> 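Input: one structure, supplied below.
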Number of protein chains: 2
Amino acid sequence: MESERIILALAALAQPTRLDCFRLLVKHEPDGLPAGEIAAALAVPHNTMSAHLAVLARAGLVRSRRESRSIIYRADLAVLQQMTLFLLKDCCGGRPEVCAPVIDSLTPCCPPAKEKRRVRSRV
Amino acid sequence: MESERIILALAALAQPTRLDCFRLLVKHEPDGLPAGEIAAALAVPHNTMSAHLAVLARAGLVRSRRESRSIIYRADLAVLQQMTLFLLKDCCGGRPEVCAPVIDSLTPCCPPAKEKRRVRSRV
DNA sequence: TCCATATGTCCAGACTTATCGACATATTGG
DNA sequence: CCAATATGTCGATAAGTCTGGACATATGGA
């Protein structure tokens, strides 16, 4: 079942430290952050942070690469995308009118991203 | 912190029975389902289901109304909307190009969202 | 090689969650 | 009022998660 992966991602984010960690990494998206800086920024012991990072990695929400002595973590938005898509896909089971407002409220979040289609001024 | 509500919703959905339950209720969106039918549909003892429904309700993901002997549950998409918005809002912290693909991939899910309020394709 | 730095792993105790039998509550009909 | 139905609550056990001290591994420099 595909939902197992979704549950893994939901459970990974359903924890304060991990949610903060993920958000922090998203904020540093192109570059990423070394594990030590993440632990310091969130005021969490390094081993605790390490365990949380492992959970996030297992859920596919973050990726890591070694860089000299540090290990740099980056957020991976693909799973988040799948998760959102999964939850909204279900809501669209034949009834687009149900989730249309959700999509609608989401769109103004990234207005300048689209060029082919104009975003209505609904803010 | 607003994230507490988000975590409550994430944790509520991060459990197979509850995720299935929520999806089931979304599928029956306008009408809802009585607790007994939910338990039967998911092959879960009624008291176990009752506990799960309480968790979903506490997270604001479902609402209930009494109808004679039955209690009808309905999915409430508002929290789901806030959750998605919250996760994507963070990803838009100054860099719309990061989450634009996510929004992009979501849009085809509900194409009629282009229309302002005239969604009326009755099934 | 030895040491300092950066991170990961192991483990065990504290805490939280899931499950279901038994009982309680609410509604309807006889 | 009593019985049947529908659902909720309690309590105890089992299972899972969070946390941080102690130890292990990997990298780079002296």
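Remember, it's a predicted structure, so these values are computed and weren't measured experimentally. Atom set for the values below is all heavy atoms of this structure, side chains included, hydrogens, waters and symmetry mates excluded. To find a chain, count down the sequence lines: A is the first, B the second, and so on, and within it residues start at 1.
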> Search all heavy atoms of A:R23 against all heavy atoms of B:S3 and return the closest pair with its distance.
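Heavy atoms of A:R23 and B:S3 come nearest at NH1-CB, 4.3 Å.
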> Could you state the CZ-P distance from B:R69 to D:dA6, rounded to the nearest angstrom?
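Taking atom P of D:dA6 as the reference, CZ of B:R69 is at 7 Å.
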> On DNA chain C, which is the earliest and which the latest nucleotide, 5' to 3', with an atom closer than 4.0 Å to a heavy atom of chain B?
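Extent of the interface on DNA chain C: C:dA18 to C:dT28.
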> Please find the pair of heavy atoms, one from B:C21 and one from B:L56, that lie closest to each other, and give the distance.
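Smallest interatomic distance, heavy atoms only, reads SG-CD1, 3.7 Å.
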> Take atom OH of B:Y73 and atom P of D:dA6, then tell me their distance rounded to the nearest Å.
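After rounding, the gap between these two atoms is 15 Å.
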> Quick one: do B:I71 and B:E67 satisfy side-chain contact (heavy atoms from CB on, under 4.5 Å)? Show the steps, please.
CA-CA 6 Å; B:I71 293 185; B:E67 200 153 291; over 6 Å; no
> Can B:L25 and B:I38 be said to form a side-chain contact (heavy atoms from CB on, under 4.5 Å), step by step?
CA-CA 8 Å; B:L25 287 178; B:I38 301 173; 3.8 Å; yes
> Output the distance between atom CZ (A:R74) and atom CG (A:D31), rounded to the nearest 0.5 Å.
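Going from CZ on A:R74 over to CG on A:D31, the span is 8.0 Å.
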> When rounded to the nearest 0.5 angstrom, what distance separates CG in A:L77 from CZ in A:F22?
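The CG atom of A:L77 sits 5.5 Å away from the CZ atom of A:F22.
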> Any side-chain N or O of B:Q15 less than 4.0 Å from the OP1 or OP2 oxygen of D:dA15?
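No, because none of the side-chain N or O atoms of B:Q15 sits under 4.0 Å from OP1 or OP2 of D:dA15.
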> Strictly below 4.0 Å, heavy-atom distances to any atom of DNA chain D: list the hits from residues 40-59 of chain B, or just say none.
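Heavy-atom cutoff 4.0 Å gives B:H46, B:N47, B:S50.
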> Hey, any chance A:V55 and B:I7 share a hydrophobic cluster, counting ILVMFWY side chains that come within less than 4.5 Å of each other, even indirectly?
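No, it is not one cluster - the side chains of A:V55 and B:I7 are not joined through contacts under 4.5 Å.
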> Backbone N or O of B:G60 within a donor-acceptor pair of the B:R58 side chain at under 3.5 Å?
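The answer is no, because no donor-acceptor pair under 3.5 Å joins these two groups.
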